[in-house]
A.B. asks: 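Here it is, the structure in full.
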Amino acid sequence: MPFWHEDVAAWESAWQAKGLPAFPRITLTPADQQGVLTFNIFPLLKAFRGDAQAAAKAVLEPVEGVQRAEVVKGFVNVSFSPAFWRSFLQAVQERAPSGYTRLQLERGQHLMVEYPSPNTNKPLHLGHLRNLCLGEAVCRLWERVGARVVRANLVNDRGIHISKSMLGWKKFFAPATPQTTGKKGDHFVGDCYVAFERAYRAEVEALKQRGLPEEEALVQAPLFQEAQALLRAWEAGEPQTLALWRQMNEWVYEGFEATFRRLGIRFDKVYYESETYKLGKKVVEEGLKRGLFYREEDGSVWADLTAEGLGKKILLRRDGTSVYITQDLGTADLKFQDYPELTRSVYVIGNEQDHHMRLLVALLRKLERPYAEAIYHLSYGMVELPTGRMKTREGTVVDADDLLDEMHSRALELVEEDLPESERHEIAEAVGQAALRFYLLRVDPTKNIVFDPAESIELKGFTGPFLQYGLVRARRLLEKAAEKGLTPALQATPDAIEPAEEKLLQQLYGLPEALMAAARSFDPALLAHYGYELTRRYNEFYQSLPVLGAEEPVRSFRLALTQAYQIAMEAVMETLALPVPARM
RNA sequence: GGCCCCGUAGCUCAAUCGGAUAGAGCACGGGAUUUCUAAUCCCGCGGUUGCAGGUUCGAAUCCUGCCGGGGUCGCCA
């Protein structure tokens with residue numbers, strides 16, 4: 001049983017049978033220490049009266065293939081025999097997809113992952129890209145460990161922000177369309193929104209000149225009043241308003257769809273807020289009837305969550321219209337009606353909405369929805385510029401499509417010039433995307449990212465192209481071997497394992513654990529770091545040891561090692577949704 | 001002001017939920033190609049983990065206080 005999760009499970013049951021007080025933690029041995037696996041036996045020392053040797057002996061009893069075990073303080077560093085590694089490589093060849101790169105440990109889990117849930121008044125920006133990369137990677141991670149996943153996108157297609165872009169079009173752009181202007185639909189609508197905002201700001205400034213305080217000015221500006229009227233007309237179902245709304249959303253969807261397609265992302269289910277917000281109102285009515293919520297004198301409806309430390313929250317405005325959280329309540333219900341077998345409902349949403357998500361869960365608990373506990377908010381940090389937050393008003397928002405284009409052309413400069421033009425662009429797209437996506441995935445999701453447009457994104461070092469390059473080289477090596485009639489079929493066991501080989505084997509051995517850890521913590525960065533380290537070790541191996549030129553049985557062992565690396569790395573790249581070019 | 005998150009090399013980030021001498025990349029300096037792709041590899045430089053206490057075999061990690069940054073807090077989504 002040469003795979004991590006199978007080994008560990010077998011060892012643990014053996015220890016349990018022997019009544020060991022606590023399972024030692026098992027990790028890959030740090031690079032500066034001798035060994036492959038480290039068993040942390042500090043917690044066992046008391047039971048063995050400080051006799052580390054005795055504790056180590058008990059722990060290692062069920063472990064097969066041990067070549068050397070060294071006890072250092074509370075650590076037992078173990079390395080494996082060449083025969084063990086040979087059987088490991090054999091197992092990778094024979095059952096990689098079912099036991100190594102795809103696991104069944106979370107079988108029975110059924111997730112819905114909601115992302116990126118954009119508004120329909122602006123094109124996608126860098127923050128959405130982080131959301132998309134994270135959401136997609138999390139879906140693929142959970143699929144890899146045996147779960148079923150529904151990718152859901154909730155489109156925020158109604159609300160005051162849409163009214164604003166509609167007004168922007170009416171006043172400054174009509175009758176132009178994306179077709180007549182040659183613009184991508186989402187960008188076209190974004191321009192309408194910006195035009196509205198600019199005019200609106202001017203009105204607010206004028207009112208402030210006349211002595212109105214800012215808060216008053218913001219509400220009293222004629223354009224804002226008009227936008228609100230438009231929202232009411234929309235809710236009342238006024239036909240002309242609906243027609244324009246539908247038209248503008250169509251433009252936006254076409255634009256979004258193009259970007260999603262470029263990123264290789266498709267959704268199983270799309271929810272539209274315009275269809276779910278009424279469900280939310282029903283949920284609020286239910287809460288009112290059951291006395292869980294209350295109505296103020298002005299007609300607005302509230303929930304009192306002070307006991308939960310969340311204060312009071314408005315659920316319906318005094319004019320009866322719904323707010324953001326209202327539709328979220330309805331959508332939460334709908335998700336579990338559509339997919340009753342869900343075990344988890346994941347929301348990939350920025351950490352600026354931590355409070356909002358806490359409110360949502362608290363309200364669902366109040367309503368005694370059992371699935372309130374199944375909700376998981378994958379809260380991620382913002383992408384900031386060195387100068388601070390991206391701001392529409394200051395024109396510092398980094399547009400997703402523009403950035404993808406820029407990455408493409410930066411990568412193109414590095415591609416060999418004597419290749420056909422279409423292939424050069426194919427490679428450039430793969431390299432540019434991998435650079436960008438890896439950059440967004442390599443950091444802890446909870447942390448903010450500082451994106452420096454001046455320095456932009458590296459193509460060397462701890463990057464996506466670094467990972468691609470290692471894999472491309474390995475593939476070419478195996479192709480060359482095949483041309484010479486050499487296969488990775490294992491021959492006799494080599495007498496000894498070189499240090500560079502052992503370091504690579506160690507990392508390969510850790511793949512199942514890395515996949516599990518990344519999925520369970522909803523953290524693709526763990527797998528990104530794993531993949532980087534794996535590539536480093538392969539590069540070192542590749543650089544220092546000959547493969548095709550080696551003597552048997554070392555040659556076939558190294559070919560098998562290269563093949564195992566290819567299998568593991570392809571799994572990493574696929575899971576993180578990083579494209580790999582045929583060559584580079 | 002209340003609540004939440006964060007502070008690690010010049011910069012961008014790690015450190016496998018309390019473990020070994022805190023590690024990578026970028027930048028900077030030096031080196032490697034008659035051999036499977038040099039987008040690579042090797043060597044060097046770089047740290048009082050914001051500050052001060054506490055908890056214990058052991059703290060970047062946990063607790064308390066302070067300093068600094070960000071987010072959020074009854075009708076934007």
Side-chain angles (χ1 to χ4, degrees), chain A residues 25-33 38 40 42 45 50 72-75 77 117-119 121 156 158-162 164 273 296 298 300-304 309-319 321-328 350-356 358-359 379 381-382 384 386 388-389 411 414-416 431 435 439 442-444 446-452 455 458-463 465-466 468-470 472-474 476-481 484 510 513-514 517 521 525-526 529-530 532-533 535-536 539-540 542-550 558 562 583-584:
Chain A
R25 179 118 56 81
I26 305 164
T27 56
L28 296 180
T29 305
D32 56 343
Q33 302 284 325
T38 292
N40 185 333
F42 275 100
L45 288 182
V72 189
K73 291 187 255 182
F75 302 104
N77 296 327
S117 303
N119 290 346
N121 63 327
N156 295 305
R158 48 139 252 137
I160 192 77
H161 56 289
I162 315 298
K164 287 176 177 180
E273 190 194 320
E296 281 283 355
D298 65 1
S300 54
V301 178
W302 296 72
D304 186 353
L310 294 168
K312 292 174 181 174
K313 176 63 188 171
I314 188 163
L315 301 176
L316 287 179
R317 297 190 187 97
R318 57 175 164 261
D319 62 5
T321 55
S322 57
V323 295
Y324 182 36
I325 194 104
T326 319
Q327 65 83 18
D328 253 352
N351 62 12
E352 60 201 344
Q353 293 194 38
D354 284 355
H355 185 249
H356 172 82
R358 233 168 271 162
L359 285 171
S379 166
M382 354 196 53
E384 296 173 327
R389 211 173 160 171
L414 287 167
V415 180
E416 274 188 56
V431 171
Y439 175 83
R442 68 183 200 185
V443 305
D444 183 334
T446 62
K447 291 192 175 170
N448 290 2
I449 290 181
V450 177
F451 173 75
D452 190 338
E455 291 180 14
E458 295 286 337
L459 301 173
K460 306 195 273 186
F462 182 30
T463 67
F466 179 88
Q468 290 176 318
Y469 185 67
V472 167
R473 280 207 303 195
R476 293 287 289 175
L477 177 53
L478 290 166
E479 280 172 25
K480 277 230 162 98
K484 294 187 179 187
E513 168 67 7
S521 55
L526 293 178
H529 282 94
Y530 171 86
Y532 173 72
E533 185 60 31
T535 303
R536 249 164 46 110
N539 285 342
E540 194 184 333
Y542 183 92
Q543 199 88 17
S544 59
L545 298 171
V547 176
L548 300 181
R558 287 182 185 164
T562 296
R583 57 179 139 170
M584 60 190 290

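The sequence lines fix the lettering, A, B, ..., with proteins before strands; numbering per chain opens at 1. Note that the structure is a prediction, hence the values are computed from the model and not measured.
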A.B. asks: Taking the six-membered ring of A:Tyr542, is NZ or CZ of A:Arg473 closer than 6.0 Å to its centre and within 45° of its axis?
C.D. replies: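 Here A:Arg473 passes the 6.0 Å and 45° test against A:Tyr542.
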
A.B. asks: Quantified in whole Å, what is the C1' atom distance between nucleotide B:rG23 and nucleotide B:rU49?
C.D. replies: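 Between the two C1' atoms, the distance is 13 Å.
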
A.B. asks: Any donor-acceptor pair under 3.5 Å linking the side chain of A:Asp444 with the backbone of A:Thr446?
C.D. replies: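 Flag set: sc A:Asp444 to bb A:Thr446 pair under 3.5 Å.
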
A.B. asks: Please name the nucleotide paired to B:rU33 by Watson-Crick or G-U wobble geometry with both distances under 3.5 Å, or report none.
C.D. replies: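 B:rU33 is paired with nothing.
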
A.B. asks: Could you tell me which nucleotide pairs with B:rA60 by Watson-Crick or G-U wobble geometry, both distances under 3.5 Å, or answer none if nothing does?
C.D. replies: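 By the stated definition (distances under 3.5 Å), nothing pairs with B:rA60.
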
A.B. asks: Taking pairing as Watson-Crick or G-U wobble with both contacts under 3.5 Å, can you name the mate of B:rA22, or confirm there isn't one?
C.D. replies: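 Across all strands, not a single nucleotide pairs with B:rA22.
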
A.B. asks: In the strands shown, is B:rC66 matched to any nucleotide by a Watson-Crick or G-U wobble pair with both distances under 3.5 Å, and which?
C.D. replies: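 The answer is B:rG50, by the H-bond criterion.
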
A.B. asks: Hey, is the side chain of A:Asn77 pairing donor to acceptor with the base of B:rA20 inside 3.5 Å?
C.D. replies: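 For A:Asn77, whose side chain was compared with the base of B:rA20, there is a donor-acceptor pair (under 3.5 Å).
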
A.B. asks: Looking at A:Asn539, does any N or O in its side chain come under 4.0 Å of the phosphate oxygens OP1/OP2 on B:rC41?
C.D. replies: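 So the side-chain polar atoms of A:Asn539 do come within 4.0 Å of the phosphate oxygens OP1 or OP2 of B:rC41, strictly under.
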
A.B. asks: Considering every strand and a 4.0 Å limit on heavy-atom distances, what is the contact class for A:Arg536: base, sugar-phosphate, or nothing?
C.D. replies: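 A:Arg536: backbone/sugar contact only, no base atoms under 4.0 Å.
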
A.B. asks: Classify the side chain of A:Gln543 and the base of B:rU40 as holding, or not holding, a donor-acceptor pair under 3.5 Å.
C.D. replies: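 It does, because a donor-acceptor pair links the side chain of A:Gln543 to the base of B:rU40 below 3.5 Å.
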
A.B. asks: Of the options B:rA39, B:rA15, B:rG7, whose atoms approach the side-chain atoms of A:Pro465 most closely?
C.D. replies: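 The nucleotide sitting nearest to the side chain is B:rA39.
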
A.B. asks: I'd like to know if the side chain of A:Asn448 reaches the main chain of A:Met382, judged simply by a donor and an acceptor atom lying under 3.5 Å from each other, with no hydrogens or angles considered.
C.D. replies: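 Confirmed, A:Asn448 side chain pairs with A:Met382 backbone.
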
A.B. asks: Could you tell me how far B:rC45 sits from B:rG1 if I compare only their C1' atoms? Round to whole Å.
C.D. replies: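 47 Å, rounded to whole Å.
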
A.B. asks: Less than 3.5 Å between a donor and an acceptor, one on the side chain of A:Ser117 and one on the base of B:rA77, is that the case here?
C.D. replies: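 No, the side chain and the base share no sub-3.5 Å donor-acceptor pair.
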
A.B. asks: For the side chain of A:Lys460, counting heavy atoms from C-beta on, which of B:rA77, B:rA38, B:rU40 is nearest?
C.D. replies: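 The closest nucleotide is B:rU40.
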
